[in-house]
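Since the model is a prediction, treat every value here as computed from it, not as a measurement. Keep in mind that the numbers below use all heavy atoms, side chains included, and drop hydrogens, waters and symmetry copies. Heads up: numbering here begins at 1 and tracks the sequence.
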Amino acid sequence: MSKKLFAKLSACALAAACALSVAACAEKAKGGEKLYISGSLQTLYGKEEGYPQAVIVAKKSFTEQYPAYTNEFIAKLNNADEYLKNAQPSEIISSISEKLTKGLTPAFNAKNLTAEVVENCNVEFIAAQTEKENVKEVLQGMMGTNAPAVADEFFYTPSEVISDSATPANVTVYSPDGAPALALAQMIKENDSEIVSYHVVEAGKITACVTNKDEADNADFCILPVNAAAKMFGNGQKYQMLGTVTHGNLFILSTDSPNYFKDGETLKTLIGKQVGVIQLQNVPGMVFKMILNQHNIAWQEVKNEGEIAADKVNLVAIDAAQVGADSQYAAFVVAEPLATLRSFAK
């Protein structure tokens with residue numbers, strides 16, 4: 001091979017390599033390999049305050065015996081959102097960590113609880129009578145024909161108490177770990193009464209705190225997912241809903257730009273693709289399905305590597321370890337703090 005021909009071939013190879021390098025850099029510049037918080041299920045739901053996700057219930061026998069104390073408890077919950085806006089994350093973590101069940105690895109810690117995560121948890125107390133229709137609507141949307149019947153008595157109405165000398169000897173308050181526990185952070189921090197005991201338990205075990213055979217062992221106040229509370233206590237005979245405390249903390253992660261999924265039209269781009277959903281059979285999956293239904297977008301659950309439908313959004317149950325840009329999924333539905341942890345800075 002002549003030196004001239006070799007030089008030409010070398011030049012061509014170098015040019016091709018440079019072209020590939022430029023293309024790779026261009027793709028990298030687009031951020032295609034990074035995940036962004038590209039959608040909020042709270043926003044897609046269509047109401048400014050989001051959807052009722054976690055509610056706080058009170059034992060009916062307790063509220064009847066101690067109406068004044070119950071009203072005072074509600075008054076303290078009303079300040080939860082303002083407190084969280086101004087409190088340092090470290091202060092919040094310190095309060096909640098003291099009440100964790102022994103051995104429980106908390107959802108939030110000093111590394112993952114940021115001001116952004118706190119805001120994304122959408123903590124705000126809204127009284128039961130104000131939220132009555134919203135709760136019924138979201139139950140119908142999430143559960144359809146399986147939605148439990150909810151009696152008016154389920155929604156607590158504060159008593160007009162002129163004077164009440166009765167004070168409980170002890171009060172038990174339970175919350176699942178995660179976003180719902182944030183609603184109690186200020187109350188825990190400022191608790192100077194020996195009669196109140198707060199408990200933060202594993203999310204999957206929270207219903208055990210209100211279903212003991214011995215009623216005396218059940219929580220006086222307890223935070224539950226809205227669907228679980230309605231299913232177990234919708235008749236209002238044992239527990240009543242004081243109000244909602246969180247209004248959605250679920251987000252769509254994808255390689256699309258931040259806030260890309262803002263309406264039904266953009267959600268349609270997921271048709272024919274796979275979406276990984278954390279807790280597909282529970283609230284996250286139920287809420288995402290509800291939103292797809294609202295926008296008349298067909299979906300199916302794909303199990304055991306089943307066939308992918310070209311005309312539907314294909315939902316797959318995943319765990320946190322599977323959330324990553326270099327995967328088979330076009331998007332992920334996850335809760336905080338995973339949403340912020342796995343997303344690239346905006």
Side-chain angles (χ1 to χ4, degrees), residues 37 40-45 47-58 72-100 106-110 112-131 134-135 138 156 173-191 196 198-203 206 209 219 221-229 241-251 278-279 282-284 287 334-341:
I37 295 181
S40 161
L41 299 199
Q42 297 69 247
T43 301
L44 287 165
Y45 182 64
K47 292 189 177 182
E48 184 178 353
E49 69 275 13
Y51 55 88
Q53 183 167 326
V55 304
I56 186 162
V57 299
E72 290 172 6
F73 188 87
I74 290 172
K76 292 177 181 178
L77 283 170
N78 273 313
N79 298 323
D81 56 329
E82 286 301 317
Y83 168 76
L84 292 171
K85 287 178 184 177
N86 300 301
Q88 292 296 317
S90 58
E91 179 181 305
I92 298 168
I93 288 293
S94 177
S95 296
I96 295 174
S97 62
E98 296 175 1
K99 307 302 176 183
L100 292 169
F108 297 129
N109 55 51
N112 66 27
L113 188 68
T114 64
E116 180 183 11
V117 170
V118 173
E119 181 180 359
N120 285 346
C121 286
N122 289 299
V123 175
E124 181 184 8
F125 178 79
I126 300 180
Q129 289 300 321
T130 302
E131 283 283 71
N134 288 338
V135 166
V138 81
Y156 180 74
V173 184
Y174 282 80
S175 171
D177 186 33
L182 299 182
L184 301 177
Q186 182 182 19
M187 297 173 71
I188 294 172
K189 178 179 181 293
E190 298 178 354
N191 181 34
V196 186
Y198 294 91
H199 307 268
V200 178
V201 306
E202 184 180 331
I206 190 62
C209 302
F221 300 97
C222 188
I223 298 178
L224 297 166
V226 61
N227 56 313
M241 176 185 137
L242 302 183
T244 50
V245 294
T246 67
H247 306 270
N249 66 331
L250 300 170
F251 297 87
I278 299 286
Q279 296 187 46
N282 296 315
V283 171
V287 171
V334 303
E336 287 287 24
L338 187 61
T340 296
L341 282 174

Can you see which heavy atom on [X] is nearest to which on [Y], and at what distance?
{"X": "Ser94", "Y": "Ser97", "answer": "O-OG, 3.0 Å"}
{"X": "Ala229", "Y": "Val57", "answer": "CB-CG1, 4.2 Å"}
{"X": "Gly178", "Y": "Ala107", "answer": "CA-CB, 4.0 Å"}
{"X": "Pro176", "Y": "Ile223", "answer": "CD-O, 3.1 Å"}
{"X": "Tyr83", "Y": "Ala185", "answer": "CE2-CB, 3.9 Å"}
{"X": "Val123", "Y": "Ala179", "answer": "CG2-O, 4.0 Å"}

Using 0.5 Å steps for rounding, measure from the [atom1] atom of [X] to the [atom2] atom of [Y].
{"X": "Ile93", "Y": "Asn112", "atom1": "CD1", "atom2": "CG", "value": "6.5 Å"}
{"X": "His199", "Y": "Ile206", "atom1": "NE2", "atom2": "CD1", "value": "10.5 Å"}
{"X": "Lys99", "Y": "Asp177", "atom1": "NZ", "atom2": "CG", "value": "15.0 Å"}
{"X": "Leu224", "Y": "Ser175", "atom1": "CG", "atom2": "OG", "value": "9.0 Å"}

* Should we count CD of Glu119 as having more than 12 external heavy atoms under 6.0 Å? -> no

Quick check on side-chain contact (heavy atoms from CB on, under 4.5 Å): which of [options] does [X] satisfy it with?
{"X": "Glu49", "options": "Asn122, Asn134, Thr130", "result": "Asn134"}
{"X": "Phe108", "options": "Val118, Thr114, Val117", "result": "Val117"}
{"X": "Leu182", "options": "Val245, Asp81, Asn249, Ile96", "result": "Ile96"}

* Heavy-atom check, side chain of Val283 versus side chain of Gln279, under 4.5 Å -> no

* To do: Decide yes or no for Phe125 and Ile56: does some side-chain heavy atom of the first lie under 4.5 Å from some side-chain heavy atom of the second?
  =>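 They are in contact (side-chain heavy atoms under 4.5 Å apart), so the answer is yes.
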
* Asked: Does the pair Leu250 and Tyr45 meet the rule for a side-chain contact (heavy atoms from CB on, under 4.5 Å), with working shown?
  -> CA-CA 11 Å; Leu250 300 170; Tyr45 182 64; over 6 Å; no

[X] (side chain) donor-acceptor with [Y] (main chain) under 3.5 angstrom:
{"X": "Thr246", "Y": "Gln53", "value": "no"}
{"X": "Gln186", "Y": "Glu190", "value": "no"}
{"X": "Asn191", "Y": "Lys189", "value": "no"}

* To do: Please step through side-chain contact (heavy atoms from CB on, under 4.5 Å) for the pair Ile126 and His247, ending with a clear verdict.
  => CA-CA 10 Å; Ile126 300 180; His247 306 270; 3.5 Å; yes

* For the residue pair Phe221 and Phe73, does the interplanar ring angle fall in the parallel (under 30°), tilted (30 to 60°) or perpendicular (over 60°) class? ->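 Phe221 vs Phe73 ring planes: parallel.
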
* side-chain contact (heavy atoms from CB on, under 4.5 Å) between Leu77 and Leu184, worked out -> CA-CA 7 Å; Leu77 283 170; Leu184 301 177; 4.2 Å; yes

* Asked: Stepwise, does the side-chain contact (heavy atoms from CB on, under 4.5 Å) test hold for Val226 with Thr244?
  -> CA-CA 8 Å; Val226 61; Thr244 50; 5.9 Å; no

* Classify the side-chain pair Gln42/Ser40 by whether it contains a donor and acceptor separated by less than 3.5 Å. => yes

